[in-house]
Each structure stands twice: as C-alpha cells, then as structure tokens.
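Please read all numbers here as calculations on a predicted model, not as lab measurements.
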Amino acid sequence: MPDWISNLGLSRVLSLLVAIGYLVIGFLIAQPKSARDVLVVLLRVAAMVVFPLLCIWFSEEFGDYVGPIPSPGISKRSPAWMVTLGGWFLLLLPLLLGFFIYRA
C-alpha cells in the first residue's frame with residue numbers, strides 16, 4: 001500500500017470511497033449525454049458531500065472553532081469525535097433515506 005494512503009487514515013479513505021460511490025450512482029441515475037450534464041452531476045454530488053467530508057477530514061479544526069457565526073455564537077470547543085460522527089451521519093444520510101424509501 002502506498003505510504004500516502006496509510007497516512008490518510010481509515011476514516012478518510014472510507015469517506016472518500018463513499019463520496020466516489022455517490023458520484024458513480026449519480027452518473028448511473030442521470031446518464032449524462034453532454035458535458036453540461038456531466039458538470040451538473042458533478043456539482044450536485046459535490047454540493048452533497050463537501051461539508052460531510054470536511055467534517056470527517058478536519059474534525060479537529062472544526063471542533064476547535066469558537067466564535068461568532070450568523071446565529072448564536074459557539075462558546076465551547078466540540079470534541080473531534082463528535083464532529084466526525086456528525087460528518088459520517090450527514091454523509092450516510094442519503095443512503096439511509098434511500099434504503100427506507102425503497103423498502104416502503
């Protein structure tokens with residue numbers, strides 16, 4: 001295994017694989033016929049997975065943030081494991097919803 005993969009960590013590699021899976025599913029469902037359609041699929045999938053991937057990959061940095069945001073400010077640091085868990089929840093939410101909708 002290349003050294004850069006082992007330095008990434010299991011959570012990062014798995015989250016990247018899930019994001020790539022979403023991209024493949026997006027292309028299979030949309031079946032783009034032009035470059036514009038390909039770009040639309042890429043942007044939609046990117047919009048769906050960017051924030052969860054950032055939460056998983058940079059949980060320490062997100063957890064350390066304390067300060068103002070547009071709504072009530074963040075007054076305490078968040079544990080990195082909770083940020084990672086929230087990122088995984090957001091990343092897997094479309095799969096969970098699809099499973100329960102398809103099952104019904």
Side-chain angles (χ1 to χ4, degrees):
M1 178 179 337
D3 189 42
W4 65 273
I5 292 178
S6 61
N7 289 340
L8 282 178
L10 182 62
S11 186
R12 288 182 174 186
V13 171
L14 288 177
S15 64
L16 189 61
L17 289 175
V18 170
I20 291 170
Y22 281 140
L23 190 61
V24 169
I25 290 170
F27 280 118
L28 290 175
I29 290 173
Q31 296 179 354
K33 294 173 181 40
S34 68
R36 181 183 177 278
D37 294 342
V38 169
L39 184 61
V40 167
V41 170
L42 284 173
L43 290 175
R44 285 182 178 175
V45 172
M48 183 178 74
V49 299
V50 165
F51 184 68
L53 283 178
L54 288 175
C55 286
I56 294 168
W57 283 52
F58 302 107
S59 59
E60 291 285 335
E61 290 82 0
F62 276 119
D64 286 343
Y65 179 76
V66 175
I69 55 175
S71 58
I74 300 172
S75 60
K76 296 191 304 187
R77 288 177 164 71
S78 303
W81 67 270
M82 289 183 76
V83 177
T84 303
L85 186 66
W88 273 108
F89 176 75
L90 290 175
L91 189 64
L92 296 177
L93 187 62
L95 287 177
L96 293 171
L97 289 174
F99 172 76
F100 286 113
I101 290 172
Y102 179 75
R103 206 173 129 217

Closest contact, heavy atoms only, M48 versus Y22: CE-CG, 3.5 Å
Which atom of V83 lies closest to which atom of S78, heavy atoms considered: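 Heavy atoms only, the tightest pair is CG2-CB, 4.1 Å.
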For [X], all residues meeting side-chain contact (heavy atoms from CB on, under 4.5 Å), sequence neighbours excluded:
| X | result |
| --- | --- |
| F27 | L23, P32, V38, V41, L42 |
| P79 | W81, M82 |
| A46 | V50 |
| L90 | F51, P52 |

V66: hydrophobic cluster co-members (side-chain, 4.5 Å):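 Grouped by the 4.5 Å side-chain rule, V66 forms a cluster of one, so the answer is none.
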Other ILVMFWY residues reachable from I25 by side-chain steps of under 4.5 Å: I29
To the nearest 0.5 Å, how far apart are [atom1] in [X] and [atom2] in [Y]?
| X | Y | atom1 | atom2 | answer |
| --- | --- | --- | --- | --- |
| L16 | S11 | CG | OG | 11.0 Å |
| F58 | D64 | CZ | CG | 13.5 Å |
| C55 | W88 | SG | CH2 | 12.5 Å |

Assigning hydrophobic clusters by single linkage (Ile, Leu, Val, Met, Phe, Trp, Tyr; side-chain heavy-atom cutoff under 4.5 Å), is [X] placed with [Y]?
| X | Y | value |
| --- | --- | --- |
| L14 | L53 | yes |
| Y65 | L85 | no |
| F89 | V49 | no |
| L10 | L91 | yes |

CD/E60: more than 12 non-hydrogen atoms of other groups inside 6.0 Å: no
Derivation of the side chain to side chain contact (heavy atoms under 4.5 Å, CB included) call for D37 and S34: CA-CA 5 Å; D37 294 342; S34 68; 3.5 Å; yes
